[in-house]
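Inspection log for the structure reproduced underneath, given as structure tokens.
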Amino acid sequence: AYIGKDALYINRKLIEIKSPLTDFNYATLVKKSGLLYLEFKYSAFTRTGEQTYTTRVLVPPGLNQEEIANQVLNEVNSH
């Protein structure tokens, strides 16, 4: 996965979280069942109305990964 300030690229799919007709809500770090992942919440306006989405990105295990994930969150949430 690639995480940018305006978009996520996961499994060959581009997800724009800060573009026209898209409203970025927030990103958070979640620990559940021994897994650590980043959770991105955003809404997109479609012809049928507003749709809310949640995208989860697994944080790989390893040294300092939680610290790095928190740095990513700070960067994404600050814009």
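- In plain terms, the two heavy atoms of Thr22 and Phe45 that are nearest each other are N-CD1, 4.4 Å.
- Listed by chain and residue number, Val30, Tyr37 satisfy the side-chain contact (heavy atoms from CB on, under 4.5 Å) test with Lys32 (two or more places apart in sequence, or in another chain).
- Under the 4.5 Å side-chain criterion, counting only non-hydrogen atoms from C-beta, Asn25 is in contact with Ser43.
- Atom-to-atom distance recorded for Leu14:CG and Leu8:CG is 8.5 Å, nearest 0.5 angstrom.
- Of all the heavy atoms in Ala7 and Ile17, the pair that sits closest is N-CG1, 4.0 Å.
- Residues satisfying the side-chain contact (heavy atoms from CB on, under 4.5 Å) criterion with Ala69, sequence neighbours excluded, are Leu29, Leu38, Val59.
- For the side chain to side chain donor-acceptor pair (under 3.5 Å) condition, the pairs that include at least one residue of residues 56-66, sequence neighbours left out, are Lys31-Glu66, Glu39-Arg56.
- Rounded to the nearest 0.5 Å, atoms CD1 (Ile15) and CZ (Phe40) are 9.5 Å apart.
- Partners of Tyr42 under the ring-ring contact (aromatic ring centres under 6.0 Å, His included) rule, at least two apart in sequence or in another chain, are Tyr53.
- Listed by chain and residue number, nothing satisfies the side chain to side chain donor-acceptor pair (under 3.5 Å) test with Thr28 (two or more places apart in sequence, or in another chain).
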Next item on the list: With side-chain contact (heavy atoms from CB on, under 4.5 Å) as the test, would you mind laying out the steps for Asn77 and Phe24 before giving the verdict?
Entry: CA-CA 9 Å; Asn77 284 324; Phe24 174 71; 3.6 Å; yes
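- Residues satisfying the side chain to side chain donor-acceptor pair (under 3.5 Å) test with Glu67, not counting sequence neighbours, are none.
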